[in-house]
Engineer: 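One structure is given below, represented as structure tokens, and several questions about it will come after.
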Amino acid sequence: ADDVPAVVSGDSLRLRQMLFNLLSNAIKFTEKGSVHITVRLKNTSDAGVLLLFTVEDNGRGIPAAQLQNIFDKFVQEDSSVSRKYGGTGLGLTICRQLCLLMGGEMSVQSTEGQGSIFSFTLLFEQVVRDEASVRSPAEASEQSELCPVRVLLVEDNRINRDLARIILELKGHTVVEAGNGLQALDALATDTFDVVLMDVQMPEMDGFTASRIMRAVEQNKNAGGMVDENLLSKLQLALQGGHLPIIAMTANAMSGDKEKCLAAGMDDYLMKPYDTGQVMAVLHKWLPDKISCRLQEVPEHGGVDEANSSGHIDLKVLDQFRQFSGQDDLLPGLIKSYLDHAPAHLEQIRCAVDSLDQQKIWQAAHTMKSSNGQIGAQHLFTLCHQLEELGRQDNAGPDVAQYLLEELTEEFTHVERELRRFI
């Protein structure tokens with residue numbers, strides 16, 4: 001509708017998955033006719049913008065006796081529906097769970113033989129942007145570049161680390177890598193850096209803990225017991241009296257995550273999957289004294305051939321990387337790194353779901369999620385996000401986890417085949 005704000009702030013991943021499931025159902029059960037999706041403004045208040053999403057079809061409809069339980073697990077009209085149309089009956093259950101997680105409400109109206117209307121409301125933050133802030137990070141920093149800086153890149157995911165390192169090294173910066181927070185502290189104790197790019201979820205020591213230790217040492221506060229005395233004394237010599245910028249890197253889009261990063265002493269927040277412009281923009285923001293000269297123009301390259309894609313990969317993501325790098329041989333290497341590591345990540349998720357270990361479910365899904373985003377596998381990214389959130393719930397059911405695992409496994413087959421054809 002015309003009165004819906006052009007920009008709002010919310011969880012785009014959950015919204016996308018809800019709409020994907022509702023539209024898939026509507027199309028599946030509408031052999032003739034049409035499917036409509038509408039977005040309307042219900043009201044605006046100090047709390048935010050309340051939007052009403054509606055997916056309406058004029059398909060077969062739902063019998064009145066089934067409407068009351070339509071959002072329950074495995075509910076379909078009868079066995080003939082499953083035989084004819086397929087599916088497990090979990091799509092609507094997941095939609096409703098996601099809606100409730102976002103504080104919304106979902107309802108259905110249907111007349112057998114005439115069609116169905118699924119509606120849900122969600123509250124979003126209102127965003128007020130001036131013309132300058134609407135520009136992309138790449139546009140905002142296109143007039144200047146940084147002098148070479150030393151970056152400590154702290155990331156346990158090999159694929160994400162390769163991508164960030166390539167982005168930074170192509171701009172002339174020096175990158176030192178660490179696989180977790182403890183390795184980062186060891187590097188800080190013996191080397192000098194201009195900025196730290198810090199992943200949040202890592203084994204042995206996460207980014208929150210490492211950042212708190214760094215800030216405690218910088219501010220001459222007691223950090224005893226957090227690391228061994230030998231490392232602590234080295235850190236005190238290396239960090240005391242300064243403020244080293246720490247940029248969080250995380251695939252979490254939950255409300256409050258940014259505040260958690262800032263509370264741990266991090267300076268800013270970089271969402272995965274990030275692009276080149278976002279990385280460079282955040283460095284420009286926190287290293288203003290390193291800005292010197294104009295950017296050189298990126299060499300022109302032919303675009304990615306979209307005819308070679310079946311839709312499981314967002315080719316714009318790969319094309320952006322190729323055009324930025326100006327080197328055709330770097331992109332196949334990045335894709336090969338993904339293909340080498342992703343099957344192991346998928347197996348970790350499978351083992352976690354089979355053992356019903358919720359902590360391992362969200363940890364394994366989180367690890368695989370961000371690398372999917374970096375290579376443009378958007379639906380895989382979304383499925384991993386759903387598994388991650390499911391693993392964080394105290395009452396998460398194994399049926400939904402198994403359903404998402406099956407969807408994830410099937411989608412990975414398509415992504416793997418498409419990437420191998422691409423390279």
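Since this is a predicted model, take the numbers as computed values, not measurements.
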Engineer: To the nearest 0.5 Å, how far apart are CG in L153 and OG1 in T174?
Structural biologist: 13.0 Å
Engineer: Once rounded to the nearest 0.5 Å, what's the spacing between atom NZ of K285 and atom CG of D268?
Structural biologist: 4.0 Å
Engineer: Do E218 and H243 come within less than 4.5 Å of each other through their side chains, counting heavy atoms only?
Structural biologist: yes
Engineer: Kindly compute the distance separating CG (D156) from CG (D206), expressed to the nearest 0.5 Å.
Structural biologist: 10.5 Å
Engineer: Would you tell me whether E56 and H36 have side-chain atoms, one donor and one acceptor, within less than 3.5 Å of each other?
Structural biologist: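 Side chains of E56 and H36: no pair found under 3.5 Å.
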Engineer: Drop me the distance from W362's CH2 to I349's CD1, to the nearest 0.5 angstrom.
Structural biologist: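 It comes to 13.0 Å.
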Engineer: According to the salt bridge (charged side-chain N to carboxylate O under 4.0 Å, His left out) rule, which pairs have a member within residues 176-190, sequence neighbours left out?
Structural biologist: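 As it turns out, the salt bridge (charged side-chain N to carboxylate O under 4.0 Å, His left out) pairs with a partner in residues 176-190, which skip direct neighbours, are R158-E177, R161-E177, R165-E177.
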Engineer: Is the shortest heavy-atom distance from the side chain of N21 to the side chain of L92 under 4.5 Å?
Structural biologist: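 Of all side-chain heavy-atom pairs linking L92 with N21, none is under 4.5 Å.
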Engineer: side-chain contact (heavy atoms from CB on, under 4.5 Å), that's the test. Do Q348 and K360 meet it? Break it down for me.
Structural biologist: CA-CA 8 Å; Q348 290 173 353; K360 288 184 178 179; over 6 Å; no
Engineer: For L182, does its backbone N or O pair with a side-chain atom of E204 as donor and acceptor, under 3.5 Å?
Structural biologist: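 Checked: no pair found.
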Engineer: Over 60° means perpendicular and under 30° means parallel, so tell me whether H414 and H312 are parallel, tilted or perpendicular.
Structural biologist: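 The rings of H414 and H312 lie parallel, inter-plane angle below 30°.
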Engineer: Answer yes or no: are there more than 12 heavy-atom neighbours, outside E347 itself, under 6.0 Å from its atom CD?
Structural biologist: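 Yes.
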Engineer: The criterion is salt bridge (charged side-chain N to carboxylate O under 4.0 Å, His left out); which residues satisfy it with D267, sequence neighbours excluded?
Structural biologist: R215
Engineer: Run the salt bridge (charged side-chain N to carboxylate O under 4.0 Å, His left out) test against D357 and tell me which residues pass, sequence neighbours left out.
Structural biologist: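 D357 satisfies salt bridge (charged side-chain N to carboxylate O under 4.0 Å, His left out) with no residue once adjacent residues are dropped.
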Engineer: To the nearest 0.5 Å, how far apart are CG in L405 and CG in D354?
Structural biologist: 7.0 Å
Engineer: Check for a donor-acceptor pair, side chain of N180 on one end and backbone N or O of M202 on the other, with a separation under 3.5 Å.
Structural biologist: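 Pair absent, no side-chain N/O of N180 close to backbone of M202.
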Engineer: Go through the steps to decide whether I247 and V196 satisfy the test side-chain contact (heavy atoms from CB on, under 4.5 Å), and finish with yes or no.
Structural biologist: CA-CA 6 Å; I247 311 302; V196 179; over 6 Å; no
Engineer: Hey, are D340 and S337 close enough side-chain-wise for a donor-acceptor pair under 3.5 Å?
Structural biologist: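 Looking only at side-chain atoms, D340 and S337 do not form any donor-acceptor pair under 3.5 Å.
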Engineer: When you compare the side chain of I62 with that of F29, does any pair of heavy atoms fall below 4.5 Å?
Structural biologist: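 SC-SC contact between F29 and I62 ruled out.
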Engineer: Work out which heavy atom in C384 is nearest to a heavy atom in L408; give both atom names and the distance.
Structural biologist: SG-CD1, 3.7 Å
Engineer: Would you call E406 and T409 a side-chain contact if the rule is heavy atoms closer than 4.5 Å?
Structural biologist: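 E406 does not reach T409 side chain to side chain.
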Engineer: Minimum heavy-atom separation for A210 to M198, with atom names?
Structural biologist: CB-CE, 3.9 Å
Engineer: Is any side-chain heavy atom of F412 less than 4.5 Å from a side-chain heavy atom of H345?
Structural biologist: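 The answer is no; the side chains never approach within 4.5 Å.
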Engineer: With sequence neighbours excluded, what pairs up with R417 under the salt bridge (charged side-chain N to carboxylate O under 4.0 Å, His left out) test?
Structural biologist: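 Listed in chain order: nothing, the list is empty.
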Engineer: With a 4.5 Å cut-off on side-chain heavy atoms, are T54 and T38 touching?
Structural biologist: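 Side chain of T38 against side chain of T54, heavy atoms only: contact under 4.5 Å found.
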Engineer: Would you say the side-chain atoms of T30 pair up with the backbone N or O of I27, donor to acceptor, closer than 3.5 Å?
Structural biologist: no
Engineer: For D199, what residues pass the salt bridge (charged side-chain N to carboxylate O under 4.0 Å, His left out) criterion, not counting sequence neighbours?
Structural biologist: K272
Engineer: Pick out which of I166, L168, I167 makes a side chain to side chain contact (heavy atoms under 4.5 Å, CB included) with T276.
Structural biologist: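 Testing T276 for a side chain to side chain contact (heavy atoms under 4.5 Å, CB included) against I166, L168, I167 leaves exactly one candidate, I167.
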Engineer: Looking at residues at least two apart in the chain, or sitting in another chain, which of them share a side-chain contact (heavy atoms from CB on, under 4.5 Å) with L19?
Structural biologist: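 If we apply the side-chain contact (heavy atoms from CB on, under 4.5 Å) test to L19, skipping adjacent residues, the hits are L15, I37, F53, F120.
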Engineer: Quick check: do R16 and Q378 have side-chain heavy atoms less than 4.5 Å from each other?
Structural biologist: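 They are in side-chain contact.
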Engineer: Minimum heavy-atom separation for M18 and C95, please, with both atom names.
Structural biologist: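 Minimum heavy-atom separation between M18 and C95: O-SG, 3.5 Å.
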Engineer: Assess whether atom CD of E169 is packed by more than 12 heavy atoms of other residues, nucleotides or ligands within 6.0 Å.
Structural biologist: yes
Engineer: Which one of T192, D191, D194 satisfies the side chain to side chain donor-acceptor pair (under 3.5 Å) criterion with R150?
Structural biologist: D191
Engineer: Would you check, one step at a time, whether the test side-chain contact (heavy atoms from CB on, under 4.5 Å) holds for D3 with R40?
Structural biologist: CA-CA 8 Å; D3 58 352; R40 298 184 177 91; 5.9 Å; no
Engineer: To the nearest 0.5 Å, how far apart are CG in L51 and CG in N43?
Structural biologist: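 One gets 9.5 Å once the value is rounded to the nearest 0.5 Å.
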Engineer: Please confirm whether the backbone N or O of Q363 pairs with a side-chain atom of Q201, one donor and one acceptor, at under 3.5 Å?
Structural biologist: no
Engineer: Could you go through L188 and L244, starting from their C-alpha distance and side-chain angles, then the distance that decides it, and tell me whether this counts as side-chain contact (heavy atoms from CB on, under 4.5 Å)?
Structural biologist: CA-CA 10 Å; L188 289 165; L244 182 61; 3.5 Å; yes
Engineer: Show the nearest heavy-atom pair for residues A187 and F193, with the distance to one decimal.
Structural biologist: O-CE1, 3.7 Å
Engineer: What heavy-atom pair brings L122 and G104 nearest, and what distance separates the two atoms?
Structural biologist: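 So the two residues come closest at CD2-CA, 4.0 Å.
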Engineer: If I compare all heavy atoms of L270 with all of Q278, which pair ends up nearest, and what's the gap?
Structural biologist: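 Heavy-atom minimum between the residues: CD1-O, 3.8 Å.
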Engineer: Are the side chains of V200 and C261 in contact, using a 4.5 Å heavy-atom criterion?
Structural biologist: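 They are in contact (side-chain heavy atoms under 4.5 Å apart), so the answer is yes.
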